[in-house]
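Excluded from the calculations below are hydrogen atoms, water molecules and symmetry mates; all remaining heavy atoms, backbone and side chain alike, are included. Below, chain A is the first sequence line, B the second, and so on; all start at residue 1.
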Number of protein chains: 2
Amino acid sequence: MTSEELAKIIGVSRSTVSRVINNYPDIPLETREKVLEAIKKYNYYPNSSARKLAGVKDTTLGLFILDIKDMEQPHHVILNDENLLYDNTFFAPFISAFIDHANKKLFYVFVSTIYKTSELWKIASAFNEKRIDGSVIIGSNHIDYLKVLETINKDNFIAFIDVEEDKSNIANAIYVNINNYKAAFDVVKYFAELGHKDIGMITGNLDKLSGKKRFDGFKDAILSLNLPLREEWIYYGDFMEMSGYEGMKKLLSSINTPTAVFICNDTMVIGAYRAIAELGLKVPDDISIIGFDNAQYSSLMSPPLTTVNVSLPKLLKLQQICS
Amino acid sequence: MTSEELAKIIGVSRSTVSRVINNYPDIPLETREKVLEAIKKYNYYPNSSARKLAGVKDTTLGLFILDIKDMEQPHHVILNDENLLYDNTFFAPFISAFIDHANKKLFYVFVSTIYKTSELWKIASAFNEKRIDGSVIIGSNHIDYLKVLETINKDNFIAFIDVEEDKSNIANAIYVNINNYKAAFDVVKYFAELGHKDIGMITGNLDKLSGKKRFDGFKDAILSLNLPLREEWIYYGDFMEMSGYEGMKKLLSSINTPTAVFICNDTMVIGAYRAIAELGLKVPDDISIIGFDNAQYSSLMSPPLTTVNVSLPKLLKLQQICS
DNA sequence: CTGAAAGCGCTTACAG
DNA sequence: CTGAAAGCGCTTACAG
């Protein structure tokens, strides 16, 4: 059913139908109600493409989850289709949270995953085809980030998550980060207040900003508190469950095991607990653990997400005014 | 830049531009290349709304994550905006997998979460406004499922995940389920082969099909193997981490603890390991555990997902031909 | 082979 | 207050 058809039934023009849909003033109550009734009765919905084409703005956001592994192509090639599924569990809390926030603002969000540099065009394409008005990029390291900037137009609005702010770039981009450094620093301080001296860490991917900053915060805290910073108490993980498992096994097999371990994300904590259960050690008696668990994660995530929410419409509007 | 403008630059009509974009035959190579070159040079992308309106089909799928808790409204009302974020971690593997599959087929997928019955209109609206061509619904129990069917048109194509197949309904729906019953049955059999007799379980939500079927499979296996089915070895969980934690604590505090526990999903396994680590018990020496872990999950998921992929375009096409 | 024209379903100045 | 008309940016019969 089109607005034309509906209008004919009611006995008005489609202009009138359109006006009540778009809440124009100066429509007599009676007309408005007649139209509204018919809309409901005939279950009429305006075609979104037509509306968009005619110039009505509805904000839809693209969420691009980057996980570029060009170098590991054999991995992708060998496995069959089923197994190509990549386990990006640790983006899940962010993705859920983002969709939630966006939905609350009645934004539409369209999600896409990108595994190779050669798929990066999807972002630019989504913008240029006017599918999205803004976009959020998560999962990129600095190299990927630069590649993204290359492909897109400078005036596209983008929010980068977990990427170092780049003041030099002209792009209409914002950078969303939690205070990874301080969070990690505080974890160590908290351990120290509890009386721990031998503190270990399972790091995340150090080429991700969050991984690096958490590591820096950890090290600086250890040093500033005059605690021992020992290489065998640090396991270089990659934010994945398996590295949490192996990291914990390794830390617990050293001669002097740490009494407390800071684990850089939730996913690795899962693996760590598995390792601990296999060894039959007691938490927190034998070993204390702090991770970025879901609750902490969310509460740490929320401010930047709020930032995104606030900034996105603001910047979109700004962009509109400027152009 | 519009196709009109681009055409003018090249010195052809926009019809021609459109034809090369849409791969019409009978275009002289020279013309085609000239156009292609200009497209690249001027970075021209056709407007997706205009294309859609003109009748070009591009498949976009809606993924609706249902988590309806009408009864717990105070929960939602009291907390501030940040905390409204719902933790739907256990949908994450499915969501990622789905987006992955869809992306591989070059489908667009637009994701939305629904927390109340009153938001159910979003699904119908997405269809009626022609935003989506098909949709996947996950997270509904049988009641929610019926409500969804009420709101949508019978000819909309929908795939329901984890909902009992309803042969009576006329809707153009498919039902995607893994063999929960058999999977659970097999777990018990496997435990038994290992020599376990005292087998416990932490169930999922029993109003979800997967929760119920896994429970059924478990019970039937226990009975058919003449093993003891004891109420104190069963904890009624809800698929959330906390219930895994509490469930395991409870199971391990009974007089005769089970030697093996089947835990109904990955998320609860996490909590269970935490409980075990707090008690300082050893896995698998003191207690054996099988959950639906990620690897199993994915491999169990894949066939139905493949089903979705195969069925979706097929049914879409069918629908088209019929109408 | 290719251009001019109609049409997709809306919205919004323009008149009245 | 409200209808007729133009326009959004494409695609695709229709002619030639």
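Of all heavy-atom pairs between A/Ile39 and A/Ile21, the closest is CD1-CG1, 3.8 Å. Looking at every heavy atom in both residues, A/Val20 comes nearest to A/Ile27 through N-CD1, 3.8 Å. In plain terms, the two heavy atoms of A/Ser49 and B/Leu53 that are nearest each other are CB-N, 4.4 Å.
A/Tyr108 carries B/Arg131 over the face of its six-membered ring, with the cationic atom under 6.0 Å from the centre and within 45° of the normal.
Applying the 4.0 Å criterion to OP1 and OP2 of D/dC10, one finds that B/Asn47 has every side-chain N and O outside that range. Phosphate contact (OP1/OP2 of D/dT11, side-chain N/O of B/Ser15, threshold under 4.0 Å): absent. Proximity of B/Tyr45 to the phosphate of D/dC10: no side-chain N or O atom is located under 4.0 Å from OP1 or OP2. Residue A/Tyr44 places at least one side-chain N or O under 4.0 Å from the OP1 or OP2 atom of C/dC10. Taking side-chain N and O atoms only, A/Thr16 has a distance below 4.0 Å to OP1 or OP2 of D/dG3. Taking side-chain N and O atoms only, B/Ser3 has a distance below 4.0 Å to OP1 or OP2 of D/dC10. Checking the phosphate oxygens (OP1, OP2) of C/dG9, no side-chain nitrogen or oxygen of A/Thr2 falls inside 4.0 Å.
Checking A/Arg14 against B/Pro28, the closest nucleotide of DNA chain C that is more toward the 5' end is the one next to B/Pro28. Judged by closest nucleotide on DNA chain D, A/Val12 is the one of B/Ser18 and A/Val12 placed further toward the 5' end.
Residue contacts for A/Thr31: at a heavy-atom cut-off of 4.0 Å it reaches the sugar-phosphate backbone alone, with no base atom in range.
Taking atom CD of B/Glu4 as the reference point, atom C1' of C/dA5 lies 12 Å away to the nearest angstrom. Taking atom CG of residue A/Leu53 and atom C1' of nucleotide C/dC10, one finds them 8 Å apart after rounding to whole Å. Rounded to a whole Å, the CE atom of B/Met1 is 15 Å from the C1' atom of D/dC10. Atom CD1 of A/Ile10 and atom P of D/dT2 are 12 Å apart (whole Å). Atom NZ of B/Lys52 and atom C1' of D/dC8 are 16 Å apart (whole Å). Computed from coordinates, the B/Glu30 CD to C/dC1 P distance equals 12 Å when rounded to whole Å. When rounded to the nearest whole Å, the span between CD1 of B/Ile27 and P of C/dT2 equals 7 Å. To the nearest angstrom, P of D/dC10 lies 12 Å from CG of A/Asn128.
Set against C/dC1, C/dC10, D/dT11, the side chain of B/Asp26 has C/dC1 as its closest nucleotide. Here the side chain of B/Arg19 is nearest to one of D/dC10, C/dT2, D/dA4, namely C/dT2.
Aromatic ring orientation, A/Tyr145 versus A/Tyr175: perpendicular (interplanar angle above 60°, classes split at 30° and 60°).
Here the options are A/Ile174, A/Ile152, A/Asn153, A/Val136, the test is side-chain contact (heavy atoms from CB on, under 4.5 Å), and the partner is A/Ile158; only A/Ile152 passes.
The nucleotide C/dG3 finds its pairing partner in D/dC14, both defining distances of the Watson-Crick or G-U wobble pair being shorter than 3.5 Å.
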